[in-house]
Amino acid sequence: VQTCALPILALVVLFGSTHEYADLARIEPIPYIPLNMRNSLQLTKAEKLVQHGMELYGSGDYSQAIAKFSDAIKLAPENANAHFYLALSYLLLQKPSPAIEHFQKVIELHADFLQEKCYWYQGNAYLLKNKPKKALKYFKKVKEMKGEYASKAMEMEDRIENLKTN
């Protein structure tokens, strides 16, 4: 049996004097809590790579985490967690384009337990790219899901609209 305490990213919204949409999102990780995996002898090579990637992610070594998650995906392309944490690692390195690609892959894999987070982070990734219209599309999806990020998405929509009018 595998239990996990997945690290979650906290997005801290910052507002400065500029009108750059990218300034709306700053991403900071919450400390990683190690996974409690079944006997490591029973893990597949892909699962071991994801586990190692999570340890690197938790230590803040996002570049090396990206390498491990990428290797895991080569062996197990349907591994939603590998795609999700690969995307988060890219986002933490301020690389929104590959992050968006892997968040989208998680959605295509129908990993419902990650869907709302993927939409939320995609919206923030588009803000980093200064593409507020695309960001709004994803924040609207988050809001419609009425989950844990819904109020943050409404807030973000308001702030984007306020920048448009100023």
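Atoms considered below: every heavy atom in the structure, side chains included; atoms not considered: hydrogens, waters and symmetry mates.
- A donor-acceptor distance shorter than 3.5 angstrom exists from the side chain of Glu47 to the backbone of Thr44, with no hydrogens or angles considered.
- A distance-only check finds no donor-acceptor pair linking the side chain of Asp61 to the backbone of Tyr57 [under 3.5 Å].
- When all heavy atoms of His83 and Leu109 are compared, the closest pair comes out as CD2-CD1, 3.9 Å.
- In this structure, Leu136 is a member of the same hydrophobic cluster as Val142, with clusters built from ILVMFWY side-chain heavy atoms closer than 4.5 Å.
- Taken to the nearest 0.5 Å, the CD1 atom of Ile73 stands 7.0 Å off from the CG atom of Asn79.
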May I have the step-by-step check of side-chain contact (heavy atoms from CB on, under 4.5 Å) for Leu127 and Asn124, ending in yes or no?
CA-CA 5 Å; Leu127 285 178; Asn124 280 281; 4.1 Å; yes
What's the verdict on side-chain contact (heavy atoms from CB on, under 4.5 Å) for Asn81 and Phe113, showing C-alpha distance, side-chain angles and the deciding distance?
CA-CA 10 Å; Asn81 279 325; Phe113 64 102; 3.8 Å; yes
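- Residues Lys105 and Glu101 are not paired through a salt bridge, judged by the lack of any N-O separation under 4.0 Å between the basic side chain and the carboxylate.
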Please assess Tyr138 against Tyr126 for the test side-chain contact (heavy atoms from CB on, under 4.5 Å), listing each intermediate value before the final yes or no.
CA-CA 9 Å; Tyr138 288 99; Tyr126 279 114; 3.4 Å; yes
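- Considering only heavy atoms from C-beta on, Glu148 comes within 4.5 Å of Lys117 through its side chain.
- Note on ring orientation: taking the six-membered ring where Trp is involved, the planes of Phe103 and Tyr121 are parallel (angle under 30°, cut-offs 30° and 60°).
- Side-chain contact between Leu163 and Pro132 is absent, with no heavy atoms from C-beta onward closer than 4.5 Å.
- The CZ atom of Phe139 sits 11.5 Å away from the CZ atom of Arg159 when rounded to the nearest 0.5 Å.
- Listed here is the closest heavy atom pair of Phe84 and Val106: N-CG2, 3.5 Å.
- Closest non-hydrogen pair, Ala72 versus Ala46, comes out as CB-O, 3.7 Å.
- The same ILVMFWY cluster, assembled from side-chain heavy atoms under 4.5 Å apart, contains both Phe69 and Tyr62.
- One hydrophobic cluster, built from ILVMFWY side chains closer than 4.5 Å, cannot hold both Tyr90 and Leu56; they sit in different ones.
- Of the inter-residue distances, the one linking Leu128 atom CG with Ser97 atom OG reads 10.0 Å to the nearest 0.5 angstrom.
- Checked for salt-bridge contact, Lys143 and Glu157 meet the test: a charged N lies under 4.0 Å from a carboxylate O.
- Checking side-chain atoms of Asn130 against main-chain N and O of Tyr21 turns up a donor-acceptor pair under 3.5 Å.
- The environment of NZ in Lys141 is crowded: more than 12 heavy-atom neighbours from other residues, nucleotides or ligands sit within 6.0 Å.
- Across every non-hydrogen atom of Leu91 and Pro96, the tightest pair is CD1-CA, 4.4 Å.
- With 3.5 Å as the limit, one finds a donor-acceptor pair spanning the side chains of Tyr119 and Gln115.
- Closest approach of Tyr149 to Glu116, counting heavy atoms only: N-OE2, 2.8 Å.
- Once rounded to the nearest 0.5 Å, the distance linking NZ of Lys140 with CE of Met145 reads 14.5 Å.
- Separating the OG atom in Ser89 from the CE atom in Met54 is a distance of 8.5 Å, to the nearest 0.5 Å.
- In this structure, the separation between CG on Asp112 and CD1 on Ile107 is 10.5 Å, given to the nearest 0.5 Å.
- Counting heavy atoms of neighbouring residues, nucleotides and ligands inside a 6.0 Å radius, atom NZ of Lys134 does not exceed 12 of them.
- Nearest heavy-atom pair, Ala125 versus Ile100, reported as atom, atom and distance to 0.1 Å: CB-CG1, 3.5 Å.
- Between Lys68 and Asp71 there is no salt bridge, since none of the side-chain N atoms of the basic residue sits less than 4.0 Å from a carboxylate O of the acidic one.
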